[in-house]
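Notes for the one structure printed next.
Each chain gets a letter, A, B and so on, in the order the sequences are listed, and its residues count up from 1.
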Amino acid sequence: MPETVLQVDDLKTYFFTEAGVVRAVDGVSFSLTKGKPLGLVGESGSGKTVTALSVLGVVPRPGKIVSGKILFEGENLLEKTENEMRGFRGKRIGYVSQDPNSSLDPLFTVGNQLSEVVTTHEKMSKEAAREKVVDLLRLVRIAEPETRMRAYPHELSGGMRQRIAIARALASEPDLLIADEPTTNLDVTIQAQVLELLRALQRELDMSLILITHDMGIIAEMAEEVVVLYAGRVAEVARTAEIFAAPRHPYTAALLQAVPRVDRKRPLVPIGGNIPNLITPPSGCRFHPRCAYMIDRCVSEIPPLEAIGGGREVSCHRWKELELRGSS
Amino acid sequence: MNSKETQYTRRSAGQWAVAWRRFKKNKAGLAGLAIVASFAVLAIYGLLLDPVPARSFGCLYQGCTNLPPFVDSAHPLGTENSGIDVWNEIIHGSAGDLYVGIGATLISVVIGLLVGAAAGYRSGVSGAVLLGLTQIFFVLPVLVIILLFAKIFLFLVAQGLALSLIVLTLGIFGWPLFAFIARGEILRIRELEFVQAAKSLGASGSRTLFRHIVPNLLSPIIVLSSLAVAANIITEVVISFLGFGDPTTSTWGLIIQEGFDHIDSSWWVAFFPGIAVVICVLGFNLLGDGLSDALNPRLRE
Amino acid sequence: MEGAGIEGVVLMPATLLEVKDLVKYFPVYERGILIKKKVGDVHAVDGVSFDVAKGETMGLVGESGCGKTTAGKAILDLIPKDSGQVLFEGKDVHETFEHGSNEDRKAMRRGMQMVFQNPYGSLDPRMTVFDIISEAFIIHRHVPKSEWKERVYTLLKLVGLEEYHAERYPHEFSGGQRQRISIARALATEPKFIVADEPVSSLDVSVRAQILTLLQSLQQRETISFLYISHDLSSVRQISQRVIVMYLGKIMEYADVDRIFDHPLNPYTVALLSAVPVPDLERKVNKILLAGDVPSPINPPPGCRFNPRCPYATDICKQAEPPLRQLESDHLVACHHAEKLM
Amino acid sequence: MGSLLNYIIRRILFAIPVFLAVSIITFLVTNAAGDPVQIVRLGIRNLNPAQLKAIQDYFHVNEPLYTRYFLWLADLLRGNLGQSLYSGSVAGKVVPWIGSTLELQIPAVLLALAIGIPIGIYSAKRQYSKSDIAVTTTAIFGISMPTFWLGINAILIFSLYLRWLPSFGAISPYPPWWWGNIYTDQLAHIIMPLSVLTFVSLAAIVRLIRSSMLETLRQDFVLAARASGISDFKVTYKHALKNAVTPVVTVVGLTFGTLLGGAPALETTFGWPGLGYEFVLSATILDLPVVLGITMIISAMVLAANIVTDLVYALMDPRVRL
């Protein structure tokens, strides 16, 4: 029986803005097997980043976790105090954020920022911390770590900065690494390097990994399991191979059909409409205004996230009757 | 298109209407607007309707000099030792100070926009010259120079015009900040893609400048203007207080100066006009803050 | 494709745009005590030549800093070029804008338009959609005022928007809708050629396909030629007929879309293609991981610009710059070792 | 560090034309009436012919305008600020005034920073809370108040009504001393002007720090630092603070300029014997050499403050290209 490292249960995180309540995460549930890479797919406004920040307990104001459970190795993180949470953040759960250009403090050297994290989680001498930092930089394959330590973030390339952000997240060998779109702002060739590094580190350190992305291609390469989010809710959960072969949710299928491929040209089937506004989200199934298979029930009734066997879950009234095409 | 039918409107609200809607939600900004409007009403009343002329010594003959506040309903805020009514001076002073504040700001805005636009649109050498100029004005102890200027010129110019002279001086010394901001904004807007889009449509330089760049430049200038009016009023008060102002036209600074000379016997003469200054300046500052929030939605989410 | 028949060349469509040896450098300065010293140039576009046929979409791909956007803007003379020539329908673009008559200049502007990358910066926030689209009519006077409204509505429908959108302001639209407005504005001049600079890169995945299919249908129905600039190889494959791969200001490879994607002959193209993740588990390719970062385009490496990262690099690559050679019909490659990949 | 030296030299070289331009403007203002003697005569009515001749010679009225400027400039650069029309050399008189002014200004800026930064941070971290609203309200009143008027009220309350503190000067002219001896006497004199000045600059600094901090707290690296387990205190006071203060440094430099510019009103209110008060006294009696000298000294001080500010900024932000 594989061990579960993280279990998110009916998580709701809302943002209380002047314009109204933004239901950014509205009942998200999934779990993550220890030592496995999980992909969290979604577009802007799907709630993927907010989910990650909720797990870490660093949802920025005016956001608030309204209800739900986040079990990390059996402990409910939502019952922890701020002080206790610091024993998880960075120590047992590492986080790599989206934009390497802004995730490092521009006014301090890379070495300073890394040793700060190292000493936060473990009491050690300055010398030891320095050595640890050098080791970390080696771990993320940075050449000449001693020189790079003295550099300021603006003196490094985007790819290099993202490696440093990864090194920071790995400072105290966390059990779980959350990487939030770690390659979105990087060039393709650099993206390939960073993804390769993440994959290698995940295996080397036997970490659990949550990789957040909007790119189904990255999912195919990196993840073993996928959670598809749409407008703050889970649309579908499945093993990667299954989701590409036979998606069960119309949104997943549409996403696979709407994305152009580099290996061959094929007719694109666009998804109509736009990402919904989460202050006044569509009633019933949130995908219904854009769904080709919409029926009346989809407007009136929220589809539950049903387990459909084989570890798969889907949130669609019509999953049984629909025959959806996969990536082929 | 999120539920198109419900959002159907023939003409939707324009940028300014949207800004106004945002502004309306800002209580502090609205308070600022109300304050500014009240002073404007007071000033107009003083100029056109008030039966008691400014700096009227009428009381002197009725023996009500040095009257403390809140004792005589004819002189609610008391009188000064030569019989000038404090409340009446506040009314007439609002016309004087609004004239200084707004007049000087208008002069600064016009000069600043012209210079800033020239420098921003051409950059290069003229931009460098402008930068140097603004640097000079940042270093000049402007208030000190203005004092000197006012002092010397008050001797030379007919005294009736002296307040206008102060307006002119403040305006002339106040433009560099506007030029600086205008230039920076133009340089920023010029790089925005819609300006390039206009160019690729074939729009002429002047069309691009007046149809695309200037309208987008206005919001920071409006905000800055409101704050500049506040600053100019304070400067006027300081000039008058130090005895470098125009002794023949009513301003708040003048009456405060007169009050300060007799501070130990009649405190109210300096105190109440000072309150008027604080409220009026506060009004313009609040208005400026409110406008900046309303016109720059990025800061407020 | 009119004209093709007259020339008697049926299979080769007529050339609309011709770019010859285009060069654009940006000087880089360092501050001295008193004056700025020039320390080098960003070789943004360094001798680029290609042509675009009538009704064709030419893809221009490359990573950041390869000069693709600069090339697009220099072609439209939105930024001045340093040397080279751009011919639009046989007429020199720069020459026309610099010395041509007012009518010639306007006609040239009408013929070539641009769709920008950022849907938030490319629309004037203080104008309604109607004003934005009809600005072309004001400038070029090619539509009588009585027909403006009708024409704006037609354009809005063409790009998939509704009539009532005309009275709204840009801030009321989503990114994808703004990009549609941007396209409608470009179409308002009735252009023959549009430079589309990363038109979908800032859009959500589900909306990208909408804009891509819109561009495709425009190209087919309106016979407009596109220069489609992007770093996203997948969308380039989807939309282009021919493709140029750029690296640090130089063309690395230039060929028919299928040929370049299926049989690339430049190691850089090969690496680039293999780096793109494909949403398909059955397709496993050997990744070619390139070492190092994209070098700074200031004073790029001598010889072949790709040599420090190239797995095939030999001494000659460090010394001689490879010329753009024709290896197959319609397939040009700048690589000393291209034959090894054939 | 060669580039730092380079930067300092460049900054100082750039200051020279600015200083010259300031001197030209100042000189032109005093000569706007044609020649300065006419102005002097407006202030001092009964000059005997010998005095008039001396003053005319002093201002070189028979020379053309530009010659007069260069003669004045040459003296200025040699450190000779001229002679007061009443008594003594300007340079000799001015030195103690500079001391008095700085005695007030420097502690005020430092105190305002020391108090303003924590308050600004506190306020930003609790945006829209009651304490934040209290702070921002007080601050906007603070910047809306003419300094001297606040001073007048302080005098009304603490000197005239409560009689706790002296209202005039930097020291009592003769005993009895306030609170016992000559040192406590000076302390008693400085308390009020210093508090007033501090309060007003405090208001400006709190507003700046608050808005800068709000901007900084929204940045990704703050979130990333928190997500890597660094304590809230350290995130705030190490990362956010340095990032928030860096842009404020420039503004504080400029504030120092405005403060000096505001010195005349404040010092006049409290009869504080600094540059500002003496400027007002001299300008009132049209002692032009003194007025000119003080103007140039204040300009030079502001210029120096600006250079120091730029340097501090450059040292704090590694992204500034020296």
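- For OH of C:Y312, the number of neighbouring non-hydrogen atoms (other residues, nucleotides, ligands) closer than 6.0 Å is 12 at most.
- Options C:R309, C:R237, C:H231, C:Q216 differ in how many heavy-atom pairs under 4.5 Å they form with chain A, and the most are formed by C:R237.
- When all heavy atoms of A:E221 and C:V278 are compared, the closest pair comes out as OE2-N, 4.3 Å.
- Atoms CD and CG, from A:E43 and C:L203 in turn, are 10.5 Å apart once rounded to the nearest 0.5 Å.
- A 4.5 Å side-chain heavy-atom check between C:P277 and A:Q191 finds at least one atom pair inside the cut-off.
- Across all their heavy atoms, C:A275 and A:A192 have their closest contact at CB-CB, 3.8 Å.
- With chain A as the partner, the residue from C:V205, C:V207, C:I239 showing the most heavy-atom pairs under 4.5 Å is C:V205.
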Tabulate below the donor-acceptor pairs under 3.5 Å that side-chain atoms of residues 137-144 of chain A make, not counting sequence neighbours, or state none.
{"from": "A:R141", "atom 1": "NH1", "to": "A:L139", "atom 2": "O", "distance (Å)": "2.7"}
{"from": "A:R141", "atom 1": "NH2", "to": "A:E204", "atom 2": "OE2", "distance (Å)": "3.0"}

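- No other option in A:I271, A:D263, A:L255 has as many heavy-atom pairs under 4.5 Å with chain C as A:D263.
- Using a 4.5 Å cut-off between heavy atoms, C:L212 touches chain A through its side chain atoms alone.
- Near-neighbour residues of residues 58-70 of chain C relative to chain A, defined by a heavy atom under 4.5 Å from a heavy atom of that chain, comprise C:E63, C:S64.
- With a threshold of 4.5 angstrom between heavy atoms, A:V188 approaches chain C through its backbone and through its side chain.
- Residues of residues 242-260 of chain C never come closer than 4.5 Å to chain A when only heavy atoms are counted.
- The backbone N or O of A:K265 lies less than 3.5 Å from no partner atom in the side chain of C:Q238, so there is not a single donor-acceptor pair.
- Scanning residues 289-299 of chain C against chain A with a 4.5 Å heavy-atom cutoff picks out C:L289, C:L290, C:A291, C:G292, C:D293, C:V294, ordered by number.
- Each of C:L272, C:I288, C:V276 was checked for a side chain to side chain contact (heavy atoms under 4.5 Å, CB included) with A:T189, and the lone residue meeting it is C:L272.
- Heavy atoms of other residues, nucleotides or ligands lying less than 6.0 angstrom from CZ of A:R239 number 12 at most.
- Between C:Q210 and A:R290, the shortest heavy-atom distance links the atoms NE2-NH2, 4.3 Å.
- For the pair C:S234 and A:P260, the tightest heavy-atom approach, listed with the atom from each and the gap, is CB-O, 3.3 Å.
- Taking 4.5 Å as the limit, some side-chain heavy atom of C:D280 sits within range of a side-chain heavy atom of A:R264.
- Here CG of C:L281 is found 10.5 Å from CD1 of A:I243. Values are rounded to the nearest 0.5 Å.
- Contacts between C:T213 and chain A at a heavy-atom distance below 4.5 Å involve the side chain alone, from C-beta outward.
- Listed here is the closest heavy atom pair of A:I275 and C:D204: CG1-OD2, 3.4 Å.
- Of all non-hydrogen atoms in A:A220 and C:P279, the two that sit nearest each other are CB-CA, 4.0 Å.
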